[in-house]
S.K.: 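Take this structure, written in structure tokens, and hold onto it; I'll ask about it next.
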Amino acid sequence: MTDLSPLVSILLLQAGYNTIVVMLGAAALGAATGIVGVFAMLRRRALVADAVAHATLPGVALGFIVAVTLGFSGRSLPFLMVGAALTAILAALSIQWITNRTRLTEDTAIASVLATFFALGIVLLTVIQTLKTGGQAGLDIYLLGATAGMLREEAIILALFSLVVALAVAAIFKELTLISFDADYARAHGFPVRLLDLAILALVLAVVVIGLRVVGLVLIVALLITPPAAARFWTNHTGYMTLISATIGAASAYFGAAISAVSPDTPTGAVIVLVAFTILLFSVFFGSARGIVVRAFGARQWRGAS
Amino acid sequence: MLAPFPSNRVSSGIMPIPPLAIRDLSVQYGGRTALENFTWTAPERGLVAIVGPNGAGKSSLLKAVLDLVPKAGGTAEIFGKPVSEQRDLLAYVPQRASVDWDFPATAADVVAMGLYRRIGWLKPLRAADHVSAKKYLDMVGLSEFADRQIGALSGGQQQRVFLARALAQAAKLFLLDEPFAGVDAVTEGVMTRVFRDLRDAGSLVIAVHHDLSSVKDIFDTVVLLNREFIAGGPVATTFTPDNIARTYGVPLSLNSGQ
């Protein structure tokens, strides 16, 4: 029998200051991934996002090695994030290159790049195990995420990064919507579609790297795609969908971090993803715009009302 | 092919700048030629049908003019300048099947996209823009469907939403890819009326068209092509059985097949 009262008190922000800051930081991250995820989904970049996320592993490992070599702690976040970003960019370029320059299709390119970079990361992790520098045991939190032991400063950095990402999306919201719906039309009327696609990829990359610590690289794609997928069942409007997706992402990350606070051994990313999936499942059935229940009964009234 | 320009100059005193002038345009996809050495100068105004069999390069022609696909050779000028400098003067209606109609947007949202270019970067839609979008929807007879999700519209209504979005561009040159494909009689009537209004207001409308039987009813100018320019001019004198046979005929497709 588990006593649920600690979870309730944590959810109501009655835990220690540090726990509250970590939970709010996670919620900000969830909102940012929910927002970026809308365009990752609408522009069909979900698989690229997954590949890019997995491709951060060798970067994390290399960041660790470089940090240790230079005499820093192997777990210092800036080294790991820069390393993660670099190999993720390399993976994105590889996918682009394979798709453009060979006759292989994009899904083939994505699958092979994802597996190759992840494999390289696993090998590097094994190498690190033999280094005997200490601290290497902590690296596996970047696979599945953890908020246990997370510092207040780290959480604040996450929140600030997330705010920047959200503002960036807000600034080019019209244009992102346009290229997601009709890229040819956008191009014909002079919009820089390539640049905007690059912006989506950069935003995906940003939330993946920011989310490594909390959600982990294996599951971050779920926090990117599940909130917009769930939000789609509640609205037929990209703007509202983005707001709802941000809310679902924030709620999922908040609950996930809270449960992690109660049970520190549970990987935070896994809990967050399960919470998000529960919301998706509920939305599939009861979503007010296109949920199965609404479609079955009185679809006409709802459509008229929306 | 330079002949039309000097003769125009002589007759009118000044050289009119054609809305669209295409010279030696070629398009290739992975080594396969979709269009070869296409040359044609559009009239100043009117309704132009681009007609030819499947795979004749009609869509490729529009896309190459708009820089959506690379040109293997040749040039296309819009009002005397490259398309990249004249985006404000044109409006494009892609094929209806080219987008995902399940997209989270209403009819009014899609029409408002035609205003984005004028609204500019870093600025959100304002109340006046929503009013404006409704006005263009009204012009195609869809004002009561403004808040309808686009996937819940009929094919003809979707095509009219695309036309309304193009109208919102306030352009002088309209390029449409198969606007009459699979539409109902009401939509055909609305689009024909809108086209005529545009022509009367001095615009040029160029539409890829597949239905030979309606060319005479809707358009005043026709361009026949089958991977190369076959004929172009007023419908009355150009859309002849002889020219149609040359465009669709067996001997020709044997010649230009590979």
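By convention in this document, chain letters (A, B, ...) are assigned in the order of the sequence lines, proteins followed by strands, and residues within each chain are numbered from 1. What you are looking at is a predicted structure, and each value in this text was computed from that prediction instead of being measured.
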S.K.: For A:Phe255, I'd like to know if atom CZ has over 12 heavy atoms of other residues, nucleotides or ligands within 6.0 Å.
M.R.: no

S.K.: Counting only non-hydrogen atoms closer than 4.5 Å, does B:Asp102 touch chain A with its backbone (N, CA, C, O), its side chain (CB onward), both, or neither?
M.R.: both

S.K.: Does any heavy atom of chain A fall under 4.5 Å from the side chain of B:Ile150, the backbone, both, or neither of them?
M.R.: side chain

S.K.: Using every non-hydrogen atom in the two residues, find where B:Trp121 and A:Pro192 come nearest and quote the distance to one decimal.
M.R.: CZ2-CD, 3.5 Å

S.K.: Under 4.5 Å heavy-atom distance to chain B, tell me which part of A:Arg187 shows up: side chain, backbone, both or neither.
M.R.: both

S.K.: Nearest heavy-atom pair of A:Thr238 and B:Pro104: which atoms, and what distance?
M.R.: OG1-O, 2.7 Å

S.K.: Heavy atoms only, distances under 4.5 angstrom: which of A:Gly190, A:Ala183, A:Gly239, A:Ala188 has the most pairs with chain B? Name it, please.
M.R.: A:Ala188

S.K.: Report yes if some heavy atom in the side chain of A:Ser180 is under 4.5 Å from a heavy atom in the side chain of B:Phe103; otherwise report no.
M.R.: yes

S.K.: Counting only heavy atoms not in B:Gln28 (residues, nucleotides, ligands), do more than 12 fall under 6.0 Å from its CD?
M.R.: yes

S.K.: Which residues satisfy the side-chain contact (heavy atoms from CB on, under 4.5 Å) test with A:Leu160, sequence neighbours excluded?
M.R.: A:Ile156

S.K.: On a heavy-atom basis, which atom in A:Lys174 and which in B:Leu122 lie closest, and how many Å separate them?
M.R.: NZ-N, 4.4 Å

S.K.: Name the region of B:Ala171, side chain, backbone, both or neither, that has any atom closer than 4.5 Å to a heavy atom of chain A.
M.R.: neither

S.K.: Side chain, backbone, both or neither: which part of B:Asp100 has a heavy atom under 4.5 Å from chain A?
M.R.: both

S.K.: Is chain B contacted by the side chain of A:Phe173, its backbone, both, or neither, given a heavy-atom distance below 4.5 Å?
M.R.: neither

S.K.: Report, as yes or no, whether the 6.0 Å neighbourhood of atom CD on B:Glu44 holds more than 12 heavy atoms from other residues, nucleotides or ligands.
M.R.: no

S.K.: Chain A: which of B:Lys123, B:Gln169, B:Met113 shares the most heavy-atom pairs with it under 4.5 Å?
M.R.: B:Gln169

S.K.: Roughly how far apart are A:Tyr185 OH and B:Arg165 CZ, rounded to 0.5 Å?
M.R.: 5.0 Å

S.K.: Under 6.0 Å from the CZ atom of A:Phe277, do we count more than 12 heavy atoms belonging to anything else shown?
M.R.: no

S.K.: Got B:Phe162 and A:Asp182 here, is their nearest side-chain heavy-atom distance under 4.5 Å?
M.R.: yes

S.K.: Any side-chain heavy-atom pair from A:His189 and B:Tyr116 closer than 4.5 angstrom?
M.R.: no

S.K.: For chain B, find which of A:Val193, A:Thr235, A:Leu42, A:Ile172 contributes the most heavy-atom pairs closer than 4.5 angstrom.
M.R.: A:Leu42

S.K.: Give, as side chain, backbone, both or neither, the part of A:Arg103 having an atom under 4.5 angstrom from any heavy atom of chain B.
M.R.: neither

S.K.: Counting only non-hydrogen atoms closer than 4.5 Å, can you tell me which residues of residues 57-74 of chain B sit against chain A?
M.R.: B:Lys63, B:Leu66, B:Leu68

S.K.: Report yes if some heavy atom in the side chain of B:Ser98 is under 4.5 Å from a heavy atom in the side chain of A:Asp184; otherwise report no.
M.R.: no

